[in-house]
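Since the structure comes first, as structure tokens, the remarks are kept for the end.
So you know, we letter chains A, B, ... as the sequences are listed, proteins then strands, and number each from 1.
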Number of protein chains: 2
Amino acid sequence: MTTASSASSSRDLPHPAREEIRLEGVLHALSDPVRLRIVRELAAEGVELSCSYFDLPVTKSTTTHHFRVLRESGVIRQVYEGTAKMNGLRRGDLDALFPGLLDCLLTAAARQAVRHDVP
Amino acid sequence: MTTASSASSSRDLPHPAREEIRLEGVLHALSDPVRLRIVRELAAEGVELSCSYFDLPVTKSTTTHHFRVLRESGVIRQVYEGTAKMNGLRRGDLDALFPGLLDCLLTAAARQAVRHDVP
DNA sequence: CGAGTCGTACGATAAACATCGTAGTACGGG
DNA sequence: CCCGTACTACGATGTTTATCGTACGACTCG
């Protein structure tokens with residue numbers, strides 16, 4: 001073990017601080033179908049999920065890209081856990097910045113999914 | 001007056017039907033600072049506004065472009081009124097599709113504006 | 001009708017984006 | 001120590017986007 005207490009890994013990823021999260025960035029991140037789906041699954045499961053948990057209709061390269069967009073916009077937090085990279089919604093930060101927005105967006109996405117996927 | 005009741009003009013603009021409005025499209029439309037600002041002013045005034053009402057930091061060409069993106073994504077409705085083109089939020093349609101979303105977004109945008117513009 | 005105002009269309013451009021494939025790095029287990 | 005898994009980095013590509021300028025069309029008012 002190193003010096004720190006819970007250094008699950010040495011690789012650290014850059015995240016925007018709470019105050020740096022911009023609404024425009026969040027909306028842009030969620031305006032892509034693949035990314036919106038990721039966030040919906042993340043919210044549905046309620047726990048951190050590895051990238052490989054998701055079965056997305058794109059290659060792994062593209063998946064990495066989408067996860068990075070979500071992280072850099074402040075929507076998710078990514079942490080290495082051994083060989084896996086765990087992804088968690090930044091619910092606390094988002095709710096503090098924009099109360100109710102995330103739930104509202106998730107509800108809207110769910111309604112649209114019902115409307116289109118179950119005709 | 002012509003035959004129709006309120007044919008303020010002959011030029012008609014294509015709008016998506018309510019069912020055709022996609023959440024991703026709305027989010028993408030609002031992820032641009034200029035367009036978010038337009039929507040905020042539109043909501044604040046509560047009435048239809050002409051394009052020239054807005055004092056945007058872009059040229060007229062670009063303004064036209066942004067208004068079209070908003071219209072084609074289903075966020076606003078545009079109607080010619082003589083020489084002016086009036087723009088109105090499609091509140092009814094948006095609220096029916098995604099209840100509470102528009103207000104949530106407007107609140108979020110307002111909070112962010114306060115946080116950044118009035119430090 | 002003529003001039004002015006309001007907005008569009010079109011073409012150009014530079015930047016951003018989504019996507020892929022390949023090659024490579026980090027980690028854990030035999 | 002080597003291998004497999006998980007993810008990344010980089011380069012390429014085609015599409016979309018934001019922006020502008022100029023030229024034009026529609027309407028109003030004198």
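With C/dG7, C/dA26, D/dC7 as the candidates, the nucleotide lying closest to the side chain of B/Y80 is C/dG7. Nearest to the side-chain atoms of B/T62 among the listed nucleotides C/dC27, D/dC7, D/dT19 stands D/dT19. For B/T59, whose side chain is taken as the heavy atoms from C-beta onward, the closest listed nucleotide among D/dC7, C/dT19, D/dG21 is D/dG21. Taking every side-chain heavy atom of B/V34 into account, D/dT19 is the closest of D/dT19, D/dC7, D/dG21. Across D/dC7, C/dC27, C/dG7, the shortest atom-to-atom separation from the side chain of B/C51 is found for C/dG7. With C/dA18, D/dA9, C/dG7 as the choices, the nucleotide that has an atom nearest any side-chain atom of A/H65 turns out to be C/dA18. Comparing atom distances between the B/H28 side chain and each of D/dA18, C/dC27, C/dC6 picks out D/dA18 as nearest.
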Practice item. Start with the C-alpha distance between A/R91 and A/D103, add both sets of side-chain angles, then the distance that settles salt bridge (charged side-chain N to carboxylate O under 4.0 Å, His left out), and finish with yes or no. Key: CA-CA 10 Å; A/R91 224 179 217 297; A/D103 285 324; 3.0 Å; yes
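Considering only residues two or more places apart in sequence or on other chains, B/T62 meets the side chain to side chain donor-acceptor pair (under 3.5 Å) condition with B/T59.
Judged by distance alone with a 3.5 Å cut-off, a donor-acceptor contact links the side chain of B/S61 to the base of D/dG21.
Residue B/S50 is in sugar-phosphate contact alone, with no base atom involved, counting any heavy-atom pair closer than 4.0 Å across all strands shown.
B/A29 and B/S73 get closest at one heavy-atom pair: CB-OG, 3.3 Å.
Under 3.5 Å, the side chains of B/Y53 and B/E41 contain no donor-acceptor pair of N or O atoms.
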